[in-house]
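Computed from heavy atoms alone, side chains included, the values below leave out hydrogens, waters and symmetry copies. Chain letters run A, B, ... following the sequence lines, proteins first and then strands; every chain starts at 1.
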Amino acid sequence: MKLSDTTVRELKRHAHQLESTSTFEKFMVVFMVLFVIAGIPALYIQYVEGHIVTGMRDNVFWGVYIVNFIFYIGISYAGALISGILYLLQVEWRKPIIRIAEMITVISTILGPIYILLCMGRLDRLHHLVQYARIQSPITWDVIAITTYLIGSVIFLYLATIQDFAILRDYDGLKVGKWRKPIYKFLAVSYQDTERQRNLIHRGITIMSIIIIPLAVLVHSVLSWIFGMTLRPGWHSTIFAPYFVVAAVYSGTGVLIVAMWVYRKLYHLEDIITIKHFKYLGIILLVLGSLYGYFTFAEYLTNWYGSEKWELELIYKLFSLDEFGWMFIFAAFVGVLLPIIIIAVPAFRTINSISFASAIVVIAMWVKRYIIIIPTLETPLLPIQETRIEYIHYSMTWIEWLLTISGLAVFCLFFYLYSKFVPIIPISETSETDSKE
Amino acid sequence: MKKAMKIFILYKSGKILVLTLILVSFIDFEIKAQNQGGKERIYMKAEFFQYEDKTELKAVLSARIGEKRKMLPVEFLPVNFYNVTDTSEILLTTISSDEKGEATLLLTEEMKLARNDEGGYSFEIRFDGDDKFRKATKDISAREVSIEISFIEIDSIRTIQAKAFESGIDGLQIPLEEADIKFYVPGSFSLYAIGEASLENGICEVNFPVTLPGDSLGNLTILARIEDSDDFGNVEARAVKDWGLAREPVIIESNRGLGDTDAPLWMVYTLLVLLSAVWIHYIYVFVVIYMIKKDAKVSKV
């Protein structure tokens with residue numbers, strides 16, 4: 001394939017990202033690898049000793065692993081929805097950020113289910129999920145939905161990267177290891193940038209953009225139904241599916257903005273990822289934050305007004321500062337109002353402040369998942385017998401902390417490693433824009 | 001005038017403040033008194049159970065734990081059980097409290113328990129204290145009692161009769177007086193009370209309700225109990241009788257959705273349609289990728 005001057009110029013602009021590794025990057029990689037390694041003994045202890053080393057017990061049988069699972073699956077949807085919608089609408093400013101969004105989708109969809117495996121007491125019975133699957137079980141819906149979604153996300157990311165693989169295959173000036181070329185060649189599927197091939201790629205991405213949007217909504221709805229289909233206080237709600245979807249896209253958009261800020265600093269993309277991208281995504285964040293706040297208010301107001309015994313007990317726990325009150329304030333007020341204020345007031349709309357607001361959103365949404373799961377499990381319909389305190393209240397053990405941090409390190413590491421393999425800014429997309437200009 | 005008012009308010013406020021401080025110091029003193037030497041108080045409850053096949057002595061230990069001072073069971077505390085008379089005190093055994101705070105001693109004939117002056121048994125249950133908890137003691141006495149259940153049916157009126165006897169020092173069975181017996185039928189989650197009667201010459205009766213469902217043969221378990229008696233503790237006897245209504249096996253005629261072994265058809269169809277819709281598109285995209293590859297070969301030719 002003959003590369004145009006614009007393409008070569010664009011590639012040269014981003015080549016340093018693939019060719020060299022700065023001292024800071026090396027330090028960060030070592031730091032993340034250390035955290036990943038630190039998780040290995042925790043994993044071994046949990047495997048040998050069983051779940052007694054976690055905070056999970058008979059009453060609170062789901063802990064932070066499920067919190068992490070929902071969190072990662074949640075942030076994956078923003079990537080799919082944002083890239084899908086922006087592609088369909090042919091929004092021009094999407095181009096520099098679309099690959100970051102797609103990467104978030106794929107990496108978090110791979111990482112999320114790993115926490116389900118950590119949460120399972122009997123991994124030797126994993127195949128029972130398929131062997132004894134019941135179509136009427138929300139768990140089966142989840143297995144089917146997440147698998148289908150992961151495959152779709154990988155196809156979407158791959159289709160959008162084929163042209164860049166071809167560029168990397170055909171550009172001889174790239175100073176990278178020789179082993180990479182055969183991989184680029186294989187992944188580029190002999191793409192030669194013919195008119196027909198361009199049309200085929202465009203058709204494929206359009207189809208995937210259309211299919212990935214309802215799929216993302218459906219998958220997170222199914223995830224919410226694991227809770228919504230059970231008759232437990234705080235979970236059995238008809239608005240749980242849309243509430244989950246909005247919260248997922250809200251947190252995912254937050255992660256996307258934080259990732260943009262990091263890559264912008266790391267690879268000096270100040271002239272490509274500009275204030276415009278942060279402002280536009282900030283406005284999306286503002287709309288989602290308002291929606292999320294509205295859903296939160298509607299959910300708790302309805303439950304509180306109904307005065308149903310167990311719902312009230314749960315609400316008092318969430319509002320009590322001795323129990324989950326501070327978490328609730330952070331997730332429901334700080335995590336909504338602070339980002340809205342920062343983004344709504346033009347004077348506060350700087351790259352750093354929008355990124356800070358996004359980081360707050362991400363943490364608040366993790367806390368929100370925690371207070372969806374733990375307080376409800378501590379409020380069963382049949383009263384908990386007076387028994388050992390650790391059986392009534394859940395608290396994370398160091399094993400769970402370590403495996404949570406290890407997971408975060410894996411997420412960052414995957415993100416970084418993929419950016420060393422393929423430019424984080426889609427060359428084919430940006431060079432197309434440059435040629436048009 | 002205003003100045004005088006201000007002085008008056010200041011004087012009143014000062015007085016209230018001083019009174020509050022005195023009150024707080026008293027409360028603080030009270031809390032310290034309750035929590036001597038930083039050790040928590042142990043609340044101990046003792047219970048005596050006489051079943052048909054075994055006799056048990058149970059201690060339940062609890063304490064106010066944590067910041068919220070919630071009453072919770074305390075486990076792993078050594079509890080000593082003593083058989084006491086006016087002249088002796090024999091250590092029977094030491095049992096560690098379990099996660100429910102319970103330490104249960106099974107009383108056997110091999111223990112050769114000494115009787116008290118009333119012909120019953122007296123026990124002292126003791127926790128000697130440790131670094132965290134203060135010592136606690138509880139005394140309990142009980143006389144040996146047995147209950148027999150019999151069933152009488154005259155002119156289709158069904159009656160349950162209970163006879164209760166106390167075992168005397170010389171081994172004689174003395175009819176029990178001045179005790180109430182409660183009758184129950186165990187249900188799935190709790191006991192269903194069917195009557196209560198006082199013993200006269202060691203005998204009492206209650207009418208049996210005719211509407212209780214039994215198993216497929218109409219069998220029911222009936223319990224007769226003396227509960228929380230200061231003299232006898234808890235005594236229980238049970239018997240099975242086919243006086244219940246025979247239950248027909250439950251036949252589920254229609255699918256009950258999620259609770260059934262088979263998924264509802266609408267759900268199967270919905271899943272198939274949704275999955276097919278998604279996978280047809282995936283397959284089409286795979287074909288697109290194949291066509292890209294194929295087109296490259298054609299272009300080369």
Side-chain angles (χ1 to χ4, degrees), chain A residues 1 133-138 140-141 144-145 147-149 151-152 154-156 158-159 162-163 166 186-212 214-215 218-219 222 229 320 322-323 382 385-393, chain B residues 43 60-76 97-102 189 255-272 274-300:
Chain A
M1 181 174 85
R134 299 169 74 237
I135 289 174
Q136 62 270 46
S137 161
T140 305
W141 305 347
I144 295 170
T147 315
T148 310
Y149 180 62
I151 294 167
V154 172
I155 296 172
F156 192 34
Y158 175 61
L159 270 179
I162 286 180
Q163 286 166 308
F186 174 75
L187 293 171
V189 282
S190 313
Y191 182 81
Q192 295 299 327
D193 203 28
T194 62
E195 186 67 30
R196 186 175 146 77
Q197 283 179 326
R198 271 199 299 273
N199 287 338
L200 284 169
I201 288 261
H202 178 70
R203 199 186 302 165
I205 295 176
T206 307
I207 286 170
M208 287 311 297
S209 302
I210 294 167
I211 208 82
I212 209 85
L215 191 61
L218 197 66
V219 173
V222 166
M229 296 292 165
S320 163
D322 291 333
E323 299 209 39
L382 285 175
Q385 299 283 321
E386 287 293 282
T387 184
R388 281 178 282 185
I389 201 152
E390 68 268 26
Y391 276 60
I392 299 170
H393 297 293
Chain B
Y43 295 86
V60 185
L61 282 71
S62 50
R64 295 199 178 277
I65 298 170
E67 288 176 9
K68 293 178 188 171
R69 315 293 300 152
K70 200 174 178 184
M71 188 70 91
L72 289 170
V74 189
E75 61 177 339
F76 306 129
S97 60
D98 62 13
E99 74 275 8
K100 293 176 183 169
E102 293 177 358
F189 297 103
N255 282 347
R256 295 184 63 205
L258 303 181
D260 201 4
T261 46
D262 300 321
L265 277 178
W266 69 262
M267 194 177 277
V268 178
Y269 292 144
T270 308
L271 186 77
L272 283 175
L274 284 175
L275 275 179
S276 307
V278 174
W279 275 94
I280 285 169
H281 287 91
Y282 285 2
I283 291 166
Y284 179 73
V285 173
F286 286 132
V287 172
V288 163
I289 294 168
Y290 173 73
M291 283 161 76
I292 291 170
K293 199 173 174 66
K294 202 179 163 192
D295 187 69
K297 284 177 186 168
V298 172
S299 308
K300 276 182 189 172

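Residue A:Ile210 does not touch chain B at all, counting heavy-atom pairs closer than 4.5 Å. With a 4.5 angstrom heavy-atom cutoff, B:Tyr284 touches chain A only via side-chain atoms. In this structure, chain B has a heavy atom under 4.5 Å from the side chain of A:Leu218, while its backbone stays farther away. Residue A:Glu195 does not touch chain B at all, counting heavy-atom pairs closer than 4.5 Å.
Partners of A:Arg203 according to the salt bridge (charged side-chain N to carboxylate O under 4.0 Å, His left out) rule, which considers only residues two or more places apart in sequence or in another chain, do not exist here. Legend: residues meeting side chain to side chain contact (heavy atoms under 4.5 Å, CB included) with B:Ala63, ordered by chain and number and at least two apart, are B:Ile42, B:Ile65, B:Val74, B:Phe133.
Distance check: B:Asp295 CG to A:Thr194 OG1 gives 4.0 Å after rounding to the nearest 0.5 Å. With rounding to the nearest 0.5 angstrom, the CH2 atom of B:Trp279 is 6.5 Å from the OG1 atom of A:Thr148. The distance from the CG atom of B:Leu271 to the CD atom of A:Gln136 is 11.0 Å, given to the nearest 0.5 Å. Taking CG of B:Leu272 as the start and CD1 of A:Ile135 as the end, the distance is 7.0 Å to the nearest 0.5 Å. Taking NZ of B:Lys293 as the start and CD of A:Gln197 as the end, the distance is 10.5 Å to the nearest 0.5 Å.
Options A:Ala188, A:Gly204, A:Gly152 differ in how many heavy-atom pairs under 4.5 Å they form with chain B, and the most are formed by A:Gly152.
B:His281 pairs in a side chain to side chain contact (heavy atoms under 4.5 Å, CB included) with only one of the listed residues (A:Ile207, A:Ile212, A:Leu215), which is A:Ile207.
The minimum heavy-atom distance linking B:Val285 with A:Met208 is given by the pair CG2-SD, 3.7 Å. Nearest heavy-atom pair, A:Val189 versus B:Ile292, reported as atom, atom and distance to 0.1 Å: O-CG2, 4.0 Å.
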